[in-house]
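Single-structure report; data block below.
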There are 2 protein chains.
Amino acid sequence: MVEDSEKVDRVFHALSNGTRRGMVRQLSRGECTVGDLARPADMSFAAASKHVKVLERAGMVNRRVKGRQHICSLRPDPLRDASEWLGFYEKFWSDNLERLAAAVETDYAREQEGR
Amino acid sequence: MVEDSEKVDRVFHALSNGTRRGMVRQLSRGECTVGDLARPADMSFAAASKHVKVLERAGMVNRRVKGRQHICSLRPDPLRDASEWLGFYEKFWSDNLERLAAAVETDYAREQEGR
DNA sequence: GGATCATTCAACCAATTGGTTGAAAATCTG
DNA sequence: CAGATTTTCAACCAATTGGTTGAATGATCC
């Protein structure tokens, strides 16, 4: 797993905000304009524009200008990369599920008895 | 996919920093102390301590105090949740657009009616 | 008891975030 | 052309981030 750290930073950062996750959800249903993305978020145009820019910098959104409208669409690659990053660790915890669960349980037990 | 938004925020935020992802990687190989996590990151103890706290607030790390050492271990649940969130959108790029749209609709409806 | 080790805490700092407003720049419409 | 629409830009603001230091707390070692 060769991660371009800054790129991964930007993707996870983009996803760390509920408004932006909402935009991703909306975009997953199809292309839409910045205005379309602003409306359900109940925020100023400028704020939505900034969020879109964050998604763009993360490579998750593509923008195509058509007249006065900016039409956004979802670009799947970065999401897939992030998913792969997590998947790597998912493998870890499914491989070591027993050991992990045991460790966590022991921790709790130890905590309960005041250690 | 019923997301507790603030919790998801915290997990993705925790993952948006390369140092913290390094800590997750290290922890995936086994428990270690805060000091163990600080060393490869080449930063002050205090800084590492703050990063661990971020991971803890995201529910990704458990801490057990043993004498003067704080021993950290990985808690898999939040990582799995984040992975599921992404997996949901993975449908988008696995060329089944119609099914994704349907899934989004159902999920959104579920959310609207209060989980 | 005193030194040392592992860790947190508190204060501080610069940079970034997520939002606002008001104005500007294009584009469409009558 | 004048107005309305869509969007960005610039300035500002409060809160948060990621780091630093120096001191405080709590084990452990001799």
Side-chain angles (χ1 to χ4, degrees), chain A residues 5-27 30-73 107 110-111 113-115, chain B residues 5-27 30-73:
Chain A
S5 200
E6 283 179 29
K7 202 167 145 188
V8 181
D9 283 7
R10 282 194 291 269
V11 174
F12 280 126
H13 167 68
L15 290 171
S16 74
N17 177 284
T19 300
R20 283 190 296 263
R21 286 196 305 278
M23 288 177 166
V24 169
R25 179 172 55 204
Q26 191 174 341
L27 284 167
E31 295 189 331
C32 52
T33 69
V34 174
D36 292 337
L37 291 169
R39 208 158 305 110
D42 189 36
M43 57 183 5
S44 72
F45 246 73
S49 175
K50 282 188 185 182
H51 281 302
V52 170
K53 222 171 295 175
V54 170
L55 292 166
E56 239 182 328
R57 265 203 314 271
M60 299 165 61
V61 157
N62 188 259
R63 179 195 307 246
R64 159 178 116 247
V65 179
K66 187 180 182 184
R68 51 187 167 175
Q69 297 180 98
H70 292 207
I71 299 171
C72 304
S73 54
D107 266 12
R110 243 183 245 117
E111 235 170 278
E113 44 182 74
R115 283 278 304 176
Chain B
S5 202
E6 283 180 28
K7 201 167 146 188
V8 180
D9 284 6
R10 282 193 292 269
V11 174
F12 280 126
H13 167 68
L15 290 170
S16 75
N17 177 285
T19 300
R20 283 190 296 263
R21 285 195 305 278
M23 289 177 166
V24 169
R25 188 180 308 124
Q26 191 175 340
L27 284 167
E31 294 190 331
C32 53
T33 69
V34 173
D36 293 337
L37 292 169
R39 208 159 305 111
D42 189 37
M43 59 184 3
S44 72
F45 239 137
S49 174
K50 282 187 184 183
H51 280 303
V52 170
K53 223 170 296 176
V54 170
L55 291 167
E56 240 183 326
R57 265 203 313 271
M60 299 165 62
V61 158
N62 186 259
R63 179 196 308 247
R64 155 172 57 99
V65 179
K66 187 181 182 182
R68 51 187 169 178
Q69 298 180 97
H70 291 206
I71 299 171
C72 304
S73 54

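Protein chains get the first letters and strands the later ones, always in sequence-line order, with residue 1 at the start of each.
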Closest to the [X] side chain, choosing from [options]:
| X | options | answer |
| --- | --- | --- |
| A:Phe45 | D:dT7, D:dG19, D:dC9 | D:dT7 |
| A:His51 | C:dT21, D:dG18, C:dG19 | C:dG19 |
| B:Arg20 | D:dG18, D:dT20, C:dG18 | D:dG18 |
| B:His13 | C:dT7, C:dG19, D:dT17 | D:dT17 |

From [atom1] of [X] over to [atom2] of [N], roughly how many Å is that when rounded to an integer?
| X | N | atom1 | atom2 | value |
| --- | --- | --- | --- | --- |
| A:Met43 | D:dT7 | CE | P | 15 Å |
| A:His70 | C:dA25 | NE2 | P | 15 Å |
| B:Phe12 | D:dT17 | CZ | C1' | 19 Å |
| A:Arg21 | C:dG18 | CZ | C1' | 15 Å |
| A:Arg64 | D:dT6 | CZ | C1' | 16 Å |
| A:Asp9 | C:dA15 | CG | C1' | 15 Å |
| B:Glu56 | C:dT7 | CD | C1' | 13 Å |
| B:Lys50 | C:dT7 | NZ | P | 17 Å |

Between A:Ser49 and D:dT7, is there a side-chain N or O to OP1/OP2 distance below 4.0 Å? no
So, is B:Asn17 close to the D:dG18 phosphate, meaning a side-chain N or O under 4.0 Å from OP1 or OP2? yes
Taking the nucleotide of DNA chain C with the closest heavy atom to each, which residue, B:Thr33 or A:Ser16, is nearer the 5' end?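 It is B:Thr33 whose nearest nucleotide is closer to the 5' end.
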Return the 5'-most residue of the pair B:Ala46, A:Ala47 with respect to DNA chain C, ranking by each residue's nearest nucleotide.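 Between the two, 5'-proximity favours B:Ala46.
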Just wondering, do [Y] and [X] contact through their side chains at under 4.5 Å, heavy atoms?
| X | Y | result |
| --- | --- | --- |
| A:Thr33 | A:Asp36 | yes |
| A:Glu56 | A:Cys72 | no |
| B:Met60 | B:Arg20 | no |
| A:Ser73 | A:Leu27 | no |

Give A:Lys53 one of three labels, base, sugar-phosphate or nothing, depending on what nucleic acid heavy atoms sit under 4.0 Å from its own.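 Counting heavy atoms under 4.0 Å across all strands, the contact made by A:Lys53 is with sugar-phosphate only.
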Select base, sugar-phosphate, or nothing to describe what A:Lys66 touches, counting heavy atoms under 4.0 Å on all strands. nothing
Does any N or O donor sit under 3.5 Å from an N or O acceptor when you compare the side chain of A:Arg68 with the base of D:dT7? no
Do you know which of A:Val24, A:Val52, A:Val61 makes side chain to side chain contact (heavy atoms under 4.5 Å, CB included) with A:Leu37? A:Val52
